[in-house]
Amino acid sequence: MWKYIDSLMRTAINRTVDRTVLRAIRDQYTENVMEMIPATTKVGVTNLLEIAMRANQGTPLSRPLGSPIHASPWDRLFFNPVHLFRFPTQDNVQIQTAVTIGKRAKRPLTVSIPILIAGMSFGGALSKKTKIALARASSIIGTATNTGEAGLLEAERENAQLLIGQYNRGGWLNQADKYKRLDAIEIQLGQGAQGSAPQRTTAKNIGPEFREVFTLKKGEAAEIKSRLPGVHTKDDFIQLVHRLQEEAEVPVGLKICASHHLEKELQIAIEAGVDFITLDGAEGGTHGGAPTLQDDVGLPTLFAIARAADYFASKGITDEISLIATGGLVTPGQMMKALALGADCIYIGTAALMALVSEQMTKTIPFEAPTSLVVYAGKMTDQLDVTQATQNLVRYFNAVLQEMELVAISLGKTSLSDLSKTDLCTLDPFISKATGIELGYVAPEKQTAFFEEFQPEIYQSIDPVISEETRLH
Amino acid sequence: MSHEQKLEHTLTYLHSELNRLETMAGTMASIEQEHFKKLTNYDHRELNDIAVEEKTAARQLGSMKQMCLSMAQRINELKNEWHHEESRENHNHVEIH
């Protein structure tokens with residue numbers, strides 16, 4: 001009986017495939033569904049989908065988790081293990097992972113690991129259960145979590161041993177009774193996936209607890225302005241930093257979307273005397289944002305870190321102002337390279353959420369997206385098991401840290417804070433020139449000669465016109 | 001005992017205790033690290049979770065060590081500044097007389 005069914009099915013499949021192939025070959029493109037293949041290849045699957053979505057909605061799309069474009073060439077950097085010239089660290093040595101943020105502050109913030117949980121707001125982005133799981137995991141690990149652009153969620157404060165709060169453009173955490181309960185204050189002027197653009201959560205997506213935490217009236221939308229309320233000049237910003245430092249006594253920092261104006265922005269932050277700076281690269285994630293803001297705005301994380309670290313070094317303030325990097329850091333290797341480039345610590349958002357959901361995604365697939373378990377407006381937020389989510393995140397952090405510790409041992413380091421650019425080499429001459437990381441193709445002593453000899457060829461590969469000008473001069 | 005002397009004694013006491021706490025945190029971190037290694041030998045899920053907790057505790061002890069160290073440094077700086085000021089005042093006093 002089964003043999004007969006099997007044979008019948010094989011015949012049916014064979015005939016169908018044959019007819020499909022013949023149809024694809026014989027029909028003109030105008031009548032051929034296979035037209036979708038070159039069309040999709042030309043435009044890209046994501047772009048095709050988003051063109052159709054824009055045509056349907058007529059308003060900017062809200063794409064979750066940030067840009068799919070990998071703009072930072074992390075894969076062009078490699079760590080340099082040691083064997084004899086310097087010995088690897090002995091395996092019984094505990095690699096130091098602790099970092100102090102805002103050493104100049106009255107009450108600096110020390111975290112046990114250089115990875116923090118990024119600002120993802122309750123309501124605007126995540127459900128209460130998810131925020132609790134993130135807070136609990138951060139406390140177990142000994143790191144800090146971040147409020148995101150929100151009010152103060154009591155459950156988050158209770159569960160987080162260390163909480164960084166965003167003094168935000170919505171104004172929801174900007175009252176002394178709230179920010180004095182934080183362990184660090186991050187003035188949020190922008191983010192990698194949104195630039196400094198305004199954002200809005202419509203009233204229909206705002207439930208009673210959201211309204212309470214954000215102190216909104218019924219029917220009122222939650223709006224994030226492009227500017228911070230009351231900050232319209234450089235002096236306004238400087239005064240705000242001083243006031244917060246005086247009142248809260250905790251590290252006060254600035255978060256921006258990294259851009260080509262980076263050094264100008266950093267200079268003002270330095271003049272204001274901030275204790276830390278958070279740079280969110282172009283690859284930064286978000287709960288949902290316009291694809292154009294995500295794909296076409298900002299500076300990739302790798303270059304943002306390298307430029308900021310260089311600028312701090314040129315001003316002699318590397319040890320005074322902590323540099324926190326974020327934006328598209330997904331693998332332990334990328335995180336570690338960010339530290340080696342000069343970041344004191346990094347934030348992770350998307351990766352933390354994926355780790356948190358991990359085993360529980362079976363509750364959603366194949367009919368719902370796994371994010372429906374964690375986002376505030378998700379259909380299945382009530383099904384998230386907070387204990388399991390916390391456990392998964394703790395395991396994830398441990399795995400990440402152990403991988404980083406293994407690399408540190410191989411580099412002959414005893415602390416993650418000892419990582420530097422000299423622990424890296426690159427296979428890209430432009431990255432080498434831009435960041436000061438040595439080029440892996442030639443020996444250290446031949447770097448200068450290599451670049452002098454090949455300068456015209458390198459220019460040629462960027463722009464033949466520049467190359468010609470270089471030759472003439 | 002004058003107020004200044006009392007304060008100096010307190011600072012000296014805090015400094016030595018912080019140094020002791022730093023050493024204790026370091027020792028405990030090593031023990032936790034050893035526990036982590038032993039517990040991961042069994043390839044047992046629950047034991048692995050306990051091992052992860054041990055490893056996390058070791059890291060937190062590492063950060064306690066760092067906190068103790070920087071607090072001890074601050075106390076030292078405070079004492080040095082104080083001594084410096086005191087000797088300057090004594091010097092001025094001698095010059096006046």
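What you see below is based on every heavy atom in this structure, not just the backbone, and it leaves out hydrogens, waters and symmetry mates. A, B, ... follow the sequence lines: proteins, then strands. Residue 1 opens every chain. What you see is a predicted model, and the numbers here were worked out from it, not measured in a lab.
Among A:Q391, A:K103, A:Q94, the residue making the largest number of heavy-atom pairs under 4.5 Å with chain B is A:Q94. The greatest number of non-hydrogen atom pairs below 4.5 Å with chain A, out of B:K65, B:Q66, B:M67, B:E53, is found for B:Q66.
Heavy atoms from other residues, nucleotides or ligands lying under 6.0 Å from CG of A:D91 number 12 at most.
Residues B:T12 and B:K79 have side chains that bring a donor and an acceptor to within less than 3.5 angstrom of each other. No donor-acceptor contact under 3.5 angstrom links the side chains of A:Q360 and A:D385, judged on distance only. Looking only at atom types and distance, the side chain of A:S138 has no donor-acceptor partner in the side chain of A:T143 under 3.5 Å away. In the model, A:Q96 has no side-chain atom that pairs as donor or acceptor with a side-chain atom of A:S417 under 3.5 Å.
Contacts of A:T97 with chain B are made by side-chain atoms alone, with heavy-atom separations under 4.5 Å and no backbone atom involved. Heavy atoms closer than 4.5 Å to chain A are found in both the backbone and the side chain of B:Q60. With a 4.5 angstrom heavy-atom cutoff, A:V93 does not touch chain B via any of its atoms. Using a 4.5 Å cut-off between heavy atoms, A:I95 does not touch chain B at all. Of the two parts of B:N48, neither the backbone nor the side chain holds a non-hydrogen atom closer than 4.5 Å to a non-hydrogen atom of chain A. When heavy atoms are compared at a cutoff of 4.5 Å, A:Q402 approaches chain B by way of both its backbone and its side chain.
Pairing each heavy atom of A:H83 with each of A:P88, the nearest pair is O-CD, 3.7 Å.
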